[in-house]
Peer 1: 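I'd like to ask some things about the structure below.
For reference, positions follow the sequence shown, starting with 1.
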Amino acid sequence: MNNFFNKKTAASSEGKTSAVKKSHEHEPWVEKYRPKRVDQIVFQSEVVSVLQKVLEGADLPNILFYGPPGTGKTTAALALCRQMFKTTEVFKDRVLEMNASDERGIQIVRTRIKDFAHRAVGGSSIGGIAAGLKVIILDEADAMTSAAQAALRRTMEKYSKNTRFFLICNYVSRIIDPLTSRCAKFRFKPLPIDCQVERLELICETEGVTAEREALEKLVRESEGDLRKSITTLQAVAAGTKRVTLDDLSTTGGRIPEASVEGYMEAIKSLSDNKILAGVEIFRREGFSVDQLLHQLYEKLVKDECFTDNQKAVIFEKIAVAEYRLKDGGSEQLQLLNVTYCLLDQFKAVSVN
């Protein structure tokens with residue numbers, strides 16, 4: 001009888017182990033390889049040194065992390081909280097993580113944030129700086145309305161004895177001055193290409209993926225320094241093949257093929273309205289993103305010696321206006337035509353001269 005129950009217990013434990021393995025197999029690489037400790041964060045030495053002192057017992061202020069996307073801001077906040085509160089149960093009880101771009105109004109500050117800050121913390125055996133403290137992490141805080149930020153200012157003051165706020169944003173200029181003055185500000189620097197490539201090579205080695213270094217360097221450049229985007233794209237490419245090449249990135253990386261961009265430019269250089277409209281229609285039918293085209297046009301034209309600096313300024317201003325209108329829900333076809341005829345005017349000016 002005992003043997004029967006022992007076998008059953010062993011079988012159930014094996015089933016749980018295999019289920020855990022399967023869940024890790026299908027876990028996004030961004031989460032799977034996210035640093036779990038503060039000292040694992042790379043190229044942010046100033047931030048890491050300060051957070052290490054906090055873990056050693058220094059006072060923990062309200063913190064504002066800002067910088068480009070994919071440089072480790074949210075990871076640093078979560079890693080610090082995990083090391084402060086040690087166990088998963090205490091972490092869940094003491095940390096409230098919110099994305100302010102989803103919950104950005106003043107009502108969220110008055111209800112959910114205020115209720116969490118007001119709530120007494122559960123008993124635990126942790127000591128040091130974490131004893132009696134709760135942490136509220138507000139990701140993408142620059143998306144909060146001005147009224148919500150103003151309400152948050154008073155909440156930060158009122159519950160300063162037992163609650164700390166981590167504000168995370170890309171653009172610190174969108175955070176009101178009364179909030180920034182109440183936080184210790186830390187800027188996250190863009191990650192260099194070599195640093196990101198080393199991380200991608202480590203992931204490839206762990207996952208059994210063979211990748212050309214040139215392909216990884218191109219992936220990092222096209223991701224514009226966003227390591228999160230690089231890892232996500234790498235996983236998407238590796239899902240179809242265990243060998244990542246430059247050709248694979250061209251088809252799955254989201255960029256428009258150079259041949260299509262060149263075809264669009266050649267249509268404009270022809271100075272013929274019929275060819276230009278045909279080129280725009282071909283581009284539209286192929287389903288490429290106009291926003292992506294504008295990014296690639298900027299990369300191409302900024303190094304182009306065909307135009308003068310003044311002409312480039314006119315073109316880039318038009319591209320900036322088109323990007324703004326696209327983000328605001330404008331028509332892709334109209335904005336593409338707007339940029340197209342601006343380029344046509346500059347090509348005509350070049351041909352006259």
Side-chain angles (χ1 to χ4, degrees), residues 9-45 47-48 67-83 86-88 91 97 139 188-259 288-289 292 295-296 299:
T9 304
S12 64
S13 63
E14 287 177 4
K16 289 179 181 178
T17 304
S18 63
V20 171
K21 286 182 179 179
K22 286 182 179 179
S23 67
H24 283 297
E25 286 176 4
H26 300 291
E27 187 178 10
W29 290 358
V30 171
E31 297 301 327
K32 188 176 181 180
Y33 295 100
R34 184 190 290 271
K36 301 296 189 293
R37 297 176 56 84
V38 170
D39 54 11
Q40 294 174 345
I41 299 170
V42 296
F43 201 67
Q44 310 294 349
S45 54
V47 179
V48 170
T71 52
K73 302 184 296 295
T74 304
T75 296
L78 292 174
L80 177 64
C81 291
R82 285 195 184 98
Q83 289 186 256
K86 298 181 175 62
T87 65
T88 304
F91 178 88
E97 184 185 2
D139 207 348
F188 278 66
K189 298 173 288 188
L191 300 175
I193 291 179
D194 291 341
C195 179
Q196 295 192 58
V197 170
E198 287 177 8
R199 187 66 177 174
L200 295 178
E201 286 177 337
L202 175 63
I203 293 174
C204 288
E205 182 180 348
T206 306
E207 296 292 335
V209 176
T210 304
E212 301 173 355
R213 184 173 180 88
E214 293 81 3
L216 295 181
E217 290 177 352
K218 180 181 178 184
L219 174 58
V220 170
R221 285 194 299 271
E222 291 180 352
S223 299
E224 299 176 348
D226 187 338
L227 183 57
R228 178 173 54 243
K229 183 178 179 181
S230 300
I231 295 173
T232 302
T233 305
L234 177 64
Q235 184 176 9
V237 175
T241 175
K242 286 296 183 181
R243 180 175 178 80
V244 179
T245 63
L246 289 170
D247 293 336
D248 295 326
L249 292 179
S250 299
T251 55
T252 60
R255 282 179 69 87
I256 301 170
E258 286 301 318
F288 294 124
S289 166
Q292 180 62 38
H295 280 285
Q296 290 182 226
E299 295 172 4

Peer 1: Are E97 and T74 close enough, and set up right, to give a side chain to side chain contact (heavy atoms under 4.5 Å, CB included), and what steps lead you there?
Peer 2: CA-CA 10 Å; E97 184 185 2; T74 304; 4.2 Å; yes
Peer 1: Salt bridge (charged side-chain N to carboxylate O under 4.0 Å, His left out) for E31 and R228? Distances and angles first, verdict last.
Peer 2: CA-CA 9 Å; E31 297 301 327; R228 178 173 54 243; over 6 Å; no
Peer 1: Okay, side chain of Q83, backbone of R37: is any donor-acceptor separation there less than 3.5 Å?
Peer 2: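 No; zero donor-acceptor contacts below 3.5 Å.
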Peer 1: For T210, what residues pass the side-chain contact (heavy atoms from CB on, under 4.5 Å) criterion, not counting sequence neighbours?
Peer 2: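 Checked T210 against side-chain contact (heavy atoms from CB on, under 4.5 Å); matches are R243.
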Peer 1: Could you give all pairs that pass the ring pair (Phe, Tyr, Trp, His ring centres under 6.0 Å) test and reach residues 188-229, with sequence neighbours left out?
Peer 2: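 Checked against ring pair (Phe, Tyr, Trp, His ring centres under 6.0 Å) - neighbours excluded - the pairs reaching residues 188-229 are F65-F188.
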Peer 1: Could you work out, with side-chain hydrogen bond (donor to acceptor under 3.5 Å, both in side chains) as the rule, every residue matching E217, not counting sequence neighbours?
Peer 2: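 Partners of E217 by the side-chain hydrogen bond (donor to acceptor under 3.5 Å, both in side chains) criterion, ordered by chain and then number, come out as R213.
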Peer 1: Which pair of heavy atoms, one from V30 and one from T232, lies closest together, and at what distance?
Peer 2: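 Looks like CG2-OG1, 3.2 Å.
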Peer 1: I need the minimum non-hydrogen distance between V220 and S230, along with the two atoms involved.
Peer 2: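 Smallest heavy-atom distance, with atoms named: CA-OG, 4.0 Å.
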Peer 1: Taking all non-hydrogen atoms of both residues into account, name the closest pair between W29 and Q235 and its distance.
Peer 2: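 Scanning both residues, the minimum pair turns out to be N-OE1, 2.9 Å.
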Peer 1: Any donor and acceptor pair, going by atom type alone, linking the side chain of K73 with main-chain N or O of P68 inside 3.5 Å?
Peer 2: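 Confirmed, K73 side chain pairs with P68 backbone.
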Peer 1: Return the CG to CD distance between L219 and E214, rounded to the nearest 0.5 Å.
Peer 2: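 These two atoms lie 13.0 Å from each other.
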Peer 1: Let's go through I203 and V209 carefully: what are the C-alpha distance in whole Å and the side-chain angles of both, what is the deciding distance for side chain to side chain contact (heavy atoms under 4.5 Å, CB included) to 0.1 Å, and is it a yes or a no?
Peer 2: CA-CA 8 Å; I203 293 174; V209 176; over 6 Å; no
Peer 1: Between V48 and I41, which heavy-atom pair has the shortest distance, and what is it?
Peer 2: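 Between these two residues, the closest heavy atoms are CG2-O, 3.9 Å.
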Peer 1: Under the side-chain hydrogen bond (donor to acceptor under 3.5 Å, both in side chains) test, which residues partner T71, sequence neighbours left out?
Peer 2: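 Checked T71 against side-chain hydrogen bond (donor to acceptor under 3.5 Å, both in side chains); zero matches.
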Peer 1: Quick one: list whatever passes salt bridge (charged side-chain N to carboxylate O under 4.0 Å, His left out) with K189, sequence neighbours left out.
Peer 2: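 Here the qualifying residues are E46.
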Peer 1: Atom CD of residue position E299 - does it have more than 12 heavy atoms of other residues, nucleotides or ligands inside 6.0 Å?
Peer 2: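 Yes.
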Peer 1: Tabulate below the donor-acceptor pairs under 3.5 Å that side-chain atoms of residues 191-198 make, not counting sequence neighbours, or state none.
Peer 2:
| residue | atom | partner | partner atom | Å |
| --- | --- | --- | --- | --- |
| Q196 | NE2 | L191 | O | 3.1 |
| Q196 | NE2 | G225 | O | 3.4 |

Peer 1: Could you grab the distance from atom CG of L78 to atom CZ of R34, nearest 0.5 Å is fine?
Peer 2: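 Spacing of CG (L78) from CZ (R34) equals 6.0 Å.
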